[in-house]
Amino acid sequence: MGENKSLPHYLFSVRMRAATNGSNGKEGQHLSGCERLVSDDQIATVVQNLLQRVLTHTRGVADTINIQIDKMDGATIRLVPALKMESLEFATVEQAHGNAIASLVEFGVSKTAARKGVALIKNLSASMRGGMVLDASTGKRIDDFGVRGVRLSHMDCENESAFLSFLVESGVGGEKVREAVILASKAAFTKDYMAELCWSDDPHYDTGYVASKEIYRRLSPMKLKEDNIGGRVFFVKPNADLDDLINFFEHQPVLVKTLRK
Ligand code: WAQ
Ligand code: MG
């Protein structure tokens, strides 16, 4: 019998989400979310770490914190390679955005769609929970998830220490990069995906990135410090199968692997 030795029989998806409650007719606000895919003996530690992060999140104080833990069948988990990392620094936001547009064009996105993507994030009046899906050719938004957007979930790195060394070797570190590379690597493995554009909603973090099926190119500064609006745009091939994409984004468990030396 062909047994897959590299993957466990099952893993647990641990997800945490912090929000403010609505009051005086005002709607509650999503503050932060984070998640991991771990074995049962790591659940307690991971819950503690995620809780620490959520409690120290800079976008506001949470009224409600939700923790959800789901068992995932190991046989359904896909291993995907980590994107190759590059980092570029610019003097101004305008120059970084200019490079983002040029990079997206290099990755196969039309200039119209690339410009539209940057403008869409720049003009948001509040951060979304997820990202927007744009046709890479026309620049038209094709998902109908409104201000929520589409979210990726059920992903982590395959091997924590190998992944951390990969980040160190790429000259970066920290939870934000860790999570973003995992998210971008999963997204890049989606059928009909072409590229991604992102910058953080964290007011203290001005690095963003563009990604292709191979590259994760960090760009800074993508916004002014103190700006607490960020976002994500996923560019997809014309006539993309949106249902398939959303199903993969939300439900497919993925572990991102790095080459081990
Ligand atoms: N799925 C889809 N979109 C998401 C998700 C998700 N799971 N999580 C966040 N977003 C969207 C949402 O619109 C957020 O407002 C926006 O992305 C930014 O989220 O140094 O920290 O968690 O290499 O603030 C990138 C650079 C950091 C890291 C990105 O994003 C680096 C970051 P944040
Ligand atoms: Mg954030």
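Counting from 1, the numbers follow the sequence of the chain as shown. All heavy atoms count here, side chains included; hydrogens, waters and symmetry mates do not. In this text, all values refer to a predicted model and were calculated from it rather than measured experimentally. In each ligand, atom 1 is the first atom listed, and ligand 1 is the first ligand listed.
For ligand 1, the atoms sitting less than 4.0 Å from at least one non-hydrogen atom of Arg151 are 1 (N), 2 (C), 5 (C), 6 (C), 7 (N), 8 (N), numbered in the order shown with element in parentheses. Listed by atom number, the atoms of ligand 1 under 4.0 Å from Cys198 heavy atoms are 29 (C). Taking every heavy atom of Tyr216 and a limit of under 4.0 angstrom, the matching atoms of ligand 1 come to 23 (O), 26 (C), 28 (C), 31 (C). Interface atoms of ligand 1 facing Trp199, defined by a heavy-atom separation under 4.0 Å, are 18 (C). Heavy-atom proximity to Lys176, at under 4.0 Å, picks out these atoms of ligand 1: 21 (O), 24 (O).
For ligand 1, the polar-atom distance check against Leu152 finds a nitrogen or oxygen pair separated by under 3.5 Å. By the 3.5 Å distance cut-off applied to N or O atoms, Ser200 is counted among the residues near ligand 1.
Note that the OH atom of Tyr209 and the CE atom of Met222 stand 10.5 Å from one another [nearest 0.5 Å]. Distance check: Leu219 CG to Asn99 CG gives 5.0 Å after rounding to the nearest 0.5 Å. Going from atom CG of Leu11 over to atom NE2 of His154 covers 11.5 Å, rounded to the nearest 0.5 Å.
For Leu183, every heavy-atom contact with ligand 1 shorter than 4.0 Å involves the side chain, none the backbone. If you look at Ser32 next to ligand 1, there are no close heavy atoms at all, none under 4.0 Å.
When the heavy-atom distances from atom 13 (O) of ligand 1 to Gly131, Gly130, Pro203, Ser220 are ranked, the shortest goes to Gly130. In this structure, of Arg129, Glu196, Arg148, Glu175, the residue bringing a heavy atom nearest to atom 4 (C) of ligand 1 is Arg129.
By the 6.0 Å contact criterion, CZ on Arg115 is open, its count of non-hydrogen atoms from other residues, nucleotides or ligands being 12 or less.
Of the residues listed (Lys225, Lys176, Arg218), the one engaging Asp206 in a salt bridge (Lys or Arg N to Asp or Glu O under 4.0 Å) is Lys225, and it is the only one. Between Asp241 and the choices Val236, Thr190, Asp192, the side chain to side chain contact (heavy atoms under 4.5 Å, CB included) rule is met once, by Asp192. Checking each of Lys186, Arg148, Arg15 against Glu250 for a salt bridge (Lys or Arg N to Asp or Glu O under 4.0 Å) leaves exactly one that passes, namely Arg148.
The closest approach between a heavy atom of Phe249 and any atom of ligand 1 is not below 4.0 Å. Residue contacts with ligand 1 include Val150, since one of its heavy atoms falls under 4.0 Å from the ligand.
Relative to the ring axis of Phe166, Lys257 does not place its NZ or CZ within 45° and under 6.0 Å from the centre.
The pair Glu160-Arg36 counts as a salt bridge, with a side-chain nitrogen and a carboxylate oxygen less than 4.0 angstrom apart.
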